[in-house]
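Written out below as structure tokens is the structure these notes cover.
Because only heavy atoms are used, hydrogens play no part in the values below, and waters and symmetry mates are left out as well, while side chains stay in.
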Amino acid sequence: MLTLAQAGCVPPTAEDNDVGNLGSELAEAAVATAPTVRSLVVRWIPESGRPADDVLPYLDLSVADIVAAVHDNLRNT
């Protein structure tokens, strides 16, 4: 099995529940290899009445937000 450092990449994770879960597991595993780990999680509850297409951008979890975070991590690795 490759370590994160050997793989030469920063794997993105998406959580559909609480802060933590897979992102926290990767962070703990990464301590030995020291890549950058960045969690993109729901940090606030959206207001009611928002259209479905507006919720992920409102939470900074849109496709563009995730792609930008991956590119940012790759630049800082």
Side-chain angles (χ1 to χ4, degrees):
M1 180 180 293
L2 291 175
T3 66
L4 294 174
Q6 290 168 329
C9 67
V10 179
T13 66
E15 306 297 342
D16 64 352
N17 200 340
D18 299 324
V19 173
N21 302 320
L22 182 57
S24 292
E25 291 296 323
L26 283 173
E28 290 177 25
V31 171
T33 58
T36 302
V37 175
R38 179 174 175 178
S39 295
L40 300 174
V41 298
V42 174
R43 298 194 187 276
W44 57 90
I45 303 299
E47 299 168 6
S48 63
R50 285 192 173 270
D53 291 342
D54 191 33
V55 172
L56 291 178
Y58 173 77
L59 297 171
D60 298 328
L61 293 174
S62 69
V63 170
D65 294 317
I66 294 168
V67 169
V70 170
H71 286 163
D72 185 52
N73 273 10
L74 290 173
R75 279 191 300 275
N76 295 318
T77 302

Report all side-chain donor-acceptor pairs from residues 51-59 shorter than 3.5 Å, counting only partners two or more places apart or in another chain.
| from | atom 1 | to | atom 2 | distance (Å) |
| --- | --- | --- | --- | --- |
| Asp54 | OD2 | Arg50 | NH1 | 2.5 |

The salt bridge (charged side-chain N to carboxylate O under 4.0 Å, His left out) partners of Asp60 (sequence neighbours excluded) come to none
Could you check whether any side-chain N or O of Asp65 sits under 3.5 Å from a backbone N or O of Ser62, counting only pairs where one atom can act as donor and the other as acceptor? yes
